Amino acid sequence: MLRRYGLWCLIVATSGLLALGCRSVPTRGREDARETVSPAKREMAEERAIARTSEAHALYARGVIHEMNDEQAAANEDYYRAALADPGNDFLILEVSRRFLENKQPDKAVEIVTRAAAQPQAKGEIHARLGLIYAQLGKTNQAVSADRQAILKSPDSLDGYQNLFLLYLRMKQPQQALSVLDEAASRPGPGAEFLVAVAEMYSGFGLGAPAQKEATKAKALALLKRADQLNPTSPALRLKLADAFNLLGETNRAARLYLELLKRLPDAPTVRERVRANLAEIYLQGKDHKLAAEQLEAIIREDPTNPQAYYFLGRFALEANKPAEAADDFSKMVLLSPEFEPAYYLLAMAQIDINKPDEAVATLEKARQKFQPSFALEFWTATALSRQKKYAEALKHYTAAEVMAKASKDTTQLDERFYFEVGATCERKGDYDEAEKYFDKCLTLAPDFAEAQNYLGYMWAEHGIKLDKAKDLIEKAVKAQPKNAAYLDSMAWVLFKMNQPKDALTYALKAVELCEPPDATLFDHVGDIYAALNQVDKAREAWRKSVELEANPEVRKKLESSGGK
């Protein structure tokens, strides 16, 4: 029994056929032949043509009914008979042949398309379909011939060129494939859609032939610029053009088209979102985080539940050294997309940066319950625990991370930053020999890593050991970053430990000047240096500023013993 919606589907399915059925079909011959046909014969020919068209429509409609009732074999037979009845109906032939190809019946598809191609008025699309079928059947010579006929019949249609291009690629004849594209590109006056499609094929060819990538890229860009000059009005085509420019690195042209599309597509939220995302990516590549953030914020205004926008905003905030904003964005990302594992680690990183290690540990525990153990999970757990001053526990997780990286043979994760964090944790735990070992690994991987040079040098200076080596390391760090207050303070401290308080004072005062916000340790060091120079009043003033910034019994004791309050 026909389903309840069957009549409406039938009307929709056959509407294209009915529209094309009204075409002029009386003689299907040349114009000059009409003069030799008598009116009576012409009328009979018209009647036969109308009868064939009507029969084809009826058969096709019956096939649709069979298909809606899951009677596929009967449907296919009616479609086949419909195509045989009216071989000059291009829409019918293309539709029925498509169905046979999908149903893996290429023999019937080739039969009806061959009959259609033999019609005097057959268009290039019919010959292109025949070429496609021959290619699927492995009859490459016939496929080439049919596609050439398609180009001859419809030189401004893409089908023949595209078929030939793909056929030559499958035959491993890249130069012939490229020649087809060059032939298509040389067509005078094609439309923008044709130009964009050929440009896309050039781009695809370049990806598969790296040696010719630059040459094909130049050809593709030339076609895209021609299409752009035609100023196509279709938003879909302009979007395709923008995407093609973007893919080939012409980001300024792409951005212009994307911005125009935002004005043209007020009622297409899905497309607008994609356009804004592409714009954000372009601005990010150009290091323009402000414009990128504007697009992402606009996405969120239109769709507050878009997790990708929060992800990129969080990344921008981290790069801009705004960890609090990053933590807010990543927390929303985790809420909206709880299966996206990297968001947990980025959130934990931001929470660590804003000195909220407890929250970071909680975030990582959620990740541990959802995902398999990984290097990232162990590394960030260790880092958060270290910030909680749970150094022994942190080192266990660093060790687990190192074991996982080595087992996976992805030792790129064991970089200078990893060994720096392990070394810093060992130092805070009081295991200075282990700390030195890990800092050595760090500096072996990155000899100019200023942060590690400073940390190891300061550790030695603080404990009064290896002072010459400490001074050498810290000097390198200061040379790399001459306005880094922490490095200047380390230089002051190692000189102080080497009994050179006068030289130390210059570095210490510069460190205090550059440090923002003021740091208690720096003022404590200034006080010690002034004391070594017997400038007690200045020492007392520095210690007083230190305890005002941070209560410290040891500094308080020095202040009081010097007569200060």
Side-chain angles (χ1 to χ4, degrees), residues 235-247 251 254-372 374 376-377 379-381 384:
L237 183 55
R238 292 183 74 80
L239 177 59
K240 203 171 185 181
L241 181 59
D243 287 342
F245 274 129
N246 192 22
L247 181 66
T251 53
R256 171 179 56 80
L257 289 165
Y258 285 138
L259 288 169
E260 291 172 3
L261 281 165
L262 289 176
K263 298 175 183 176
R264 295 188 180 203
L265 300 169
D267 301 320
T270 302
V271 178
R272 287 172 63 84
E273 183 176 311
R274 183 165 77 80
V275 168
R276 289 193 185 282
N278 288 344
L279 273 171
E281 183 179 354
I282 288 172
Y283 294 140
L284 178 59
Q285 291 172 357
K287 307 297 182 185
D288 195 333
H289 290 183
K290 182 176 180 295
L291 289 178
E294 286 178 4
Q295 295 301 324
L296 292 167
E297 287 163 359
I299 290 175
I300 289 173
R301 283 195 298 273
E302 294 179 4
D303 178 14
T305 63
N306 186 299
Q308 290 84 0
Y310 289 114
Y311 172 77
F312 283 110
L313 282 173
R315 293 291 296 266
F316 296 162
L318 279 181
E319 292 179 23
N321 197 27
K322 297 178 180 178
E325 292 181 17
D328 183 57
D329 290 324
F330 289 132
S331 64
K332 291 173 181 173
M333 172 72 184
V334 167
L335 182 65
L336 293 168
S337 189
E339 301 304 318
F340 186 61
E341 186 175 355
Y344 291 83
Y345 308 135
L346 289 166
L347 174 56
M349 184 194 312
Q351 290 167 332
I352 290 168
D353 283 349
I354 59 176
N355 199 29
K356 292 185 177 180
D358 295 349
E359 293 183 10
V361 169
T363 295
L364 293 163
E365 184 56 35
K366 290 179 183 176
R368 193 175 295 278
Q369 293 173 6
K370 290 183 70 66
F371 308 111
Q372 293 295 316
S374 66
L377 178 57
F379 175 80
W380 288 111
T381 299

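Computed from a prediction, not measured in an experiment: that's the story for all the values here. Note: hydrogens, waters and symmetry copies are ignored here, and every other heavy atom, side chains too, is used.
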Legend entry - Any Ser331 side-chain heavy atom under 4.5 Å of Val334 side chain: no

Legend entry - Polar side-chain atom of Tyr344 near backbone of Pro338 as donor-acceptor pair, under 3.5 Å: yes

Legend entry - Leu257 side, atom CG; Phe245 side, atom CZ - distance, nearest 0.5 Å: 6.5 Å

Legend entry - Rounded distance (nearest 0.5 Å) linking atom NZ of Lys322 with atom CG of Leu313: 11.0 Å

Inset, instruction - Give a yes or no on whether the backbone of Met333 and the side-chain of Ser337 come within a donor-acceptor separation of less than 3.5 Å. - result: no

Legend entry - Gap between atom CG of Leu318 and atom CG of Asp353 - 0.5 Å precision: 7.0 Å

Legend entry - Over all atoms of both residues, closest heavy-atom pair of Leu347 and Ala327: CD1-O, 3.3 Å

Inset, instruction - Step by step, work out the side-chain contact (heavy atoms from CB on, under 4.5 Å) result for Thr363 and Met349. - result: CA-CA 10 Å; Thr363 295; Met349 184 194 312; over 6 Å; no

Inset, instruction - Considering non-hydrogen atoms only, spot the tightest contact between Tyr345 and Trp380 and give its length. - result: CB-CD1, 3.8 Å

Legend entry - Least distance between heavy atoms, Ala309 atom then Ile300 atom: CB-CG1, 3.6 Å

Inset, instruction - Might you confirm whether atom CZ of Arg368 has over 12 heavy atoms from other residues, nucleotides or ligands at distances under 6.0 Å? - result: yes

Legend entry - Rounded distance [0.5 Å steps], CZ in Phe312 versus CG in Leu296: 7.5 Å

Legend entry - Considering all heavy atoms, the nearest Pro235-Leu261 contact: O-CD2, 3.6 Å

Legend entry - Side-chain heavy-atom pair Leu262, Leu279 within 4.5 angstrom cut-off: yes

Legend entry - Gap separating the OG1 atom of Thr251 from the CG atom of Asn278, nearest 0.5 angstrom: 12.0 Å

Inset, instruction - Flag the pair Arg274 and Asp243 as a salt bridge only when some basic side-chain nitrogen lies within less than 4.0 angstrom of an acidic carboxylate oxygen. - result: yes

Inset, instruction - Kindly give the heavy-atom pair with the smallest separation between Ala280 and Ala292, and that separation in Å. - result: O-CB, 3.5 Å

Legend entry - Side chains of Lys370 and Glu339 in contact at under 4.5 Å (non-hydrogen atoms): yes

Legend entry - Interatomic distance, Glu297 atom CD to Arg276 atom CZ [nearest 0.5 angstrom]: 11.0 Å

Legend entry - Donor-acceptor contact present, side-chain Tyr310 to main-chain Pro304, <3.5 Å: yes

Legend entry - For Ile354 against Ala324, the heavy-atom pair lying closest together: CG2-N, 3.5 Å

Legend entry - Heavy-atom side-chain contact between Tyr258 and Asn246 under 4.5 Å: yes

